[in-house]
Structures are given as C-alpha cells and as structure tokens.
Amino acid sequence: MSAHKDAYAEALDTASAHARAWLATLADRAVPPRTGADELAAAVGGELPDGPDDPAEVVGLLARAAEPGLMAMPSGRFYGWVIGGTLPAALGADWLVSAWDQNAAMRFPTPAVAALEEAAGAWVLDLLGLPAGADVGFATGATMANFTGLAAARRQVLARRGWDLDRDGLCGAPRVRVLVGEERHDTLDLGLRYLGLGAPTPVAADAQGRIRLDALAAALDDGGDAPTIVCLQAGNVHSGAFDPIGEATDLAHRHGAWVHVDGAFGLWAAAAPGLRHLLAGFERADSWATDAHKTLNVPYDCGIVIVADPAALRAAMGVRASYLIEPAGPGGPADPLEKVPELSRRARGVPVWAALRSLGRSGVADLVTRLTGHARTLAEGIAALDGAEVLNDVVFTQVCAAFGDDARTEAVTRALLADGTAWMSGSRWRDRAVLRVSVSNWSTDETDVAASLAAVRRAVAATG
Ligand SMILES: *Cc1c(COP(=O)(O)O)cnc(C)c1O
C-alpha cells in the first residue's frame, strides 16, 4: 500500500489543534493532573482492536483520553524536581525532527541533522566557555550524559595504567576509585553501576552541599596511585550550590585523576555573565554533563555530554561495523554514533540548535538570570511567611524551605499540592523535611511568581 500524499494531513492537523489547545490552557490551568494512571488505564487500554482505525481519529482519541492525566509541567507555576518547559522554537523543531525521521547515527546519510547538531554543539561550547576542540554528544538526559563522560573516564584512567579495557574488560583490572561529593545526584551512582565501577567513595560536603576541598585532598592522598575519577557538581538539586570546581579540579589533576562535572541544570550558569563566577575554573575539567531539557527548555529528552579529549570519547563509544562504514572511508569529523551510547536515535540536538538560534547569546544569559531572579523572589516571599525558614543560600534556581518541624513542613507541602496553583515537590535535605522549589521554566513570569507565593501563603495559613 503506497501512502497517499495527504496521508499525514489529518493526523497532523488533529495533533496540532490538540497541542495548541493544551498549550493555551497552561496560563490558567491548575498544575496537577485530575486523575491517576490507574483510572486512565481503562480509557486507554483494554482489548487491542481487531483491525485498523482512522489515524486522525486515533490521535484525537488519545489527546482527549490523556488530557485529564496531564501534569502541567510546562506551566510557569510548576517548580517540581528540576523540570524545564519548552521554548516555542524548540518545540517546532522537535516536531520537524519527528517528521523528518532521520536516524542521526552517521554524518553521510543524514547531513542536515548532523550539521545542525554540530552547529548546536559548537554553540554550546562557545556559550559555556568550554574548549572549542571538545566533542559534544546528544544523549537522552544527564543520567546518560554522566554515564558517557564516565565511560570515557574509565577507559582512559585504566589505559594510563597500561590496562586495555576493550580487550580485557574489568575483571582483574586495577580497581578504579571514584570520588564524589556526599551530595552528588543519585544518578551518578547509577551510571557507575552500569559501568561496573561499584559504589563511589563519598567525600564530605559543607552546609550548602558543596564538596569540601580539605576532605577531597585527604581522600586523594588516601588513594595512593589508584586510577581515580573525581566527580564534581555544578548545581545541587536542593541548594543549587556549586562545588569549588576550579580548585577541586586542580587538586584532582595533581593526583592524575580524571575530573567529570555533573552540571545537569547548573552548567548553564556559565552562559550568564553575572553567574559565571559560580563555575570558576570548570573549563579545566575533563568531561561535563548537562541537560538541555532542564535550564535550556527544550522538550524531552535531551542531555549533552562534553569531553575535552575527543579521542577518549570516541574510543569509549565508537562502534564500527562493515555496513556502517562511510563510502569515503574513515577519518574526518566524528560520526554522532561515536559520541553517545545509542546507535539509532532521533536527532535530538536539533531542538537545541533551534533553542539557541532563537535565544541568541543574550537570550540564553537572560533566561538563566531570570530563573535565578525568580528563585530569589520566591525565597524572599517564603522567608517572610509566619514560621518559615529558607535553608539554603539562593545562589541559583533552587530554594529549600521548612515551616517549623517536619510534620508541619509536610503538611504545608500537601496543602500546597492540593491547592493546585503551584507545584513544588517535598523532599528531605540535611535531615529535615523541606519544600523544594526549582525555577526552571522559561515562561515563569512575575504573575506566576506572585500567584505561587499567594498559594504558599494559603497553605501555610491552612496548616496554622
Ligand atoms: C536531573 C539531574 C540528573 C539526571 O538527569 P536526567 O536528565 O533526569 O537523566 C543528574 N544530575 C543532576 C544534578 C540533576 O539535576
């Protein structure tokens, strides 16, 4: 059956109409979904139909069925976890990526998306002030971007000890020691598990969650000449704090360690002149991971891995098969498949290109600065409430607040979520229940901030 040339028209028109309707509700809509996954299962599941259905009708059906179960994550009043929204240009680009349906593994069959991703990668290096010769890969998120940087690190620190990981694997290899701040993100541990490196060695952190240099120095001294990887953090999910990356990197390098920086949301501080000091010296590290789907506000899923030594990344991630070889032969710029774990994948770097092209240099700086400003306003407003206490120094986009004892803080969090005006997730930080705020959405404005503060005030009043 050859597709009629208008085969897509109705399905896409239906999708576009529903997408616009959804986006239009965000300004006024309550943030939480109105129903849960179990309730929705009946509407979207049941028996698989025996035969085909009209594509446009299927799209309409799914849009109507899903709507009550959608969390307004792209709302300007959503501050849960660390969740970015979607810039208009990035969303438009994402639709095109699906329509083009390019398998972005190699340069020669898909030159358009390869060139767009290479341009986006070069812009990211330029904006962040990272070495222009570094390799940039587009992974699914910061979990896999961390994994990828750590895979390059693992292979390299073992190679420096004369161990051939590709041939001999990890069994019998010198044990690779991985030092992490005690408040690193849990997904770093996950990446290390995937890599067979076991649990990392935690290094003490200060009251804001930053790795302590004295403790790092002691840990490095302890390890003798074991192959070592040091993971630093740019942006703590609770406090937003940044490790003293430059000093820690120099210390680690004096011990021959590879330094990897997890900057899932915080790396973008480097693009804002007023915030760049938080990352002083971070360009001296060996690898970096960040997300585009958080601070940069592209749709899921998009993480970015950057490795200063392209050879280290390509050796860890590259795959060669006879049917993949470029007719012109090897050599020249890297293929995308040499920079990320995936072989076949969507061209997820294209929405990054569109986001950066639409914002420009000043737009990225404004975005990051604005998010931080809203976080400060929210922190000041919350601190002024009866019995409230902001627990962190608000240096970036994150705020952690408590309202007396844990029971009261948890009650305020529940009341706030039930109110529905704003979403801030609860958590525990430094042994206390906290209400966590992450300002990560490009569209959050003063009106959203005022409405959200009013909602917190109501929640506090209701839990007297
Ligand atoms: C979100 C986050 C991650 C994990 O990123 P994903 O995109 O969810 O895979 C890792 N580190 C930090 C600091 C984060 O905030």
Side-chain angles (χ1 to χ4, degrees), residues 71 73 78-86 90 94 124 128 137-151 153 178 180-195 200 202 205 208-211 229-243 245 248 259-270 278-279 282 285 287-306 340-342 345-346 348-349 351-352 355 368 371-372 375 392 395-400 424-425 427 429 434 436-441:
M71 168 80 89
M73 285 189 170
F78 186 89
Y79 311 98
W81 304 286
V82 185
I83 305 278
T86 296
D94 199 66
V124 167
L128 300 181
F138 293 96
T140 50
T143 301
M144 289 313 290
N146 280 324
F147 165 86
T148 306
L150 292 169
V178 185
V180 296
E182 63 181 336
E183 291 202 21
R184 81 285 184 186
H185 199 270
D186 297 302
T187 57
L188 262 181
D189 299 47
L190 184 63
L192 294 168
R193 235 156 69 207
Y194 293 160
L195 290 163
Q208 294 298 319
R210 296 172 292 224
I211 200 167
I229 300 170
V230 173
C231 297
L232 302 172
Q233 179 166 258
N236 176 300
V237 286
H238 287 104
S239 66
F242 291 67
D243 286 347
I245 299 178
V259 177
H260 173 80
V261 179
D262 174 11
F265 63 96
L267 217 64
W268 297 93
L278 294 167
L279 285 154
F282 86 126
S287 55
W288 304 262
T290 190
D291 268 318
H293 58 220
K294 290 177 177 169
T295 313
L296 187 63
N297 280 261
V298 309
Y300 289 96
D301 43 22
C302 188
I304 304 175
V305 59
I306 302 166
V340 290
E342 295 86 6
R345 65 171 179 88
R346 66 191 275 102
R348 62 171 66 89
V352 173
V368 181
L371 299 177
T372 306
N392 63 311
V395 296
F396 198 53
T397 53
Q398 313 293 107
V399 182
C400 270
M424 302 173 183
S425 36
S427 183
W429 186 49
V434 292
R436 251 189 89 250
V437 178
S438 175
V439 188
S440 303
N441 189 304

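Being a predicted model, the structure only gives us computed values, none of them experimental. Just follow the structure's listing: the first ligand is 1, and inside any ligand the first atom is 1.
Within the 4.5 Å cutoff, the side chain of Arg436 has no heavy atoms near those of the Met424 side chain.
Judged purely by distance below 3.5 Å, without hydrogens or angles, the side chains of Glu183 and Asn236 pair a donor atom with an acceptor atom. Asn146 and His260 form a side-chain donor-acceptor contact under 3.5 Å, judged by distance and modelled atom types alone.
Backbone and side-chain nitrogen or oxygen atoms of Val237 are examined, and none is located within less than 3.5 angstrom of a nitrogen or oxygen of ligand 1. No N or O atom of Asn146 sits closer than 3.5 Å to an N or O atom of ligand 1.
The nearest heavy-atom contact from the protein to atom 2 (C) of ligand 1 is Lys294 NZ, 2.3 Å. Among protein heavy atoms, atom 6 (P) of ligand 1 sits closest to Ala142 N, 3.5 Å.
Of all atoms in ligand 1, listed by their number and element, those nearer than 4.0 Å to a heavy atom of Asp291 are 5 (O), 6 (P), 7 (O). If you number the atoms of ligand 1 from 1 as listed, the ones under 4.0 Å from a heavy atom of Thr187 come out as 3 (C), 4 (C), 10 (C). Counting the atoms of ligand 1 from 1 in the order shown, those under 4.0 Å from a heavy atom of Ala264 are 2 (C), 3 (C), 10 (C), 11 (N), 12 (C), 13 (C), 14 (C), 15 (O). Numbered from 1 in the order shown, with element, the atoms of ligand 1 that lie under 4.0 Å from a heavy atom of Phe265 read 15 (O). Counting atoms of ligand 1 from 1 in the listed order, those under 4.0 Å from a heavy atom of Asp262 are 10 (C), 11 (N), 12 (C), 13 (C).
Within the 4.0 Å heavy-atom criterion, neither part of Trp81 lies near ligand 1. Neither the backbone nor the side chain of Met144 comes within contact range of ligand 1; no heavy atom lies under 4.0 Å.
Remark: Gln398 CD to Phe265 CZ distance equals 4.0 Å, nearest 0.5 Å. For the atom pair CG of Asn441 and NZ of Lys294, the computed distance is 14.5 Å after rounding to the nearest 0.5 Å. To the nearest 0.5 Å, atoms OH (Tyr300) and CG (Asp291) are separated by 7.5 Å. Separating the OG1 atom in Thr290 from the CG atom in Leu296 is a distance of 8.5 Å, to the nearest 0.5 Å.
Among Thr295, Ile83, Thr143, Asp186, the residue whose heavy atom lies nearest to atom 8 (O) of ligand 1 is Thr143.
For Phe242 and Phe396, the distance between ring centers is under 6.0 angstrom.
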Let me see the working for Ile211 and Asp243 under side chain to side chain contact (heavy atoms under 4.5 Å, CB included), right down to the final yes or no. CA-CA 6 Å; Ile211 200 167; Asp243 286 347; 3.7 Å; yes
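Judged by the shortest distance from any of its heavy atoms, Arg184 lies outside the 4.0 Å radius around the atoms of ligand 1.
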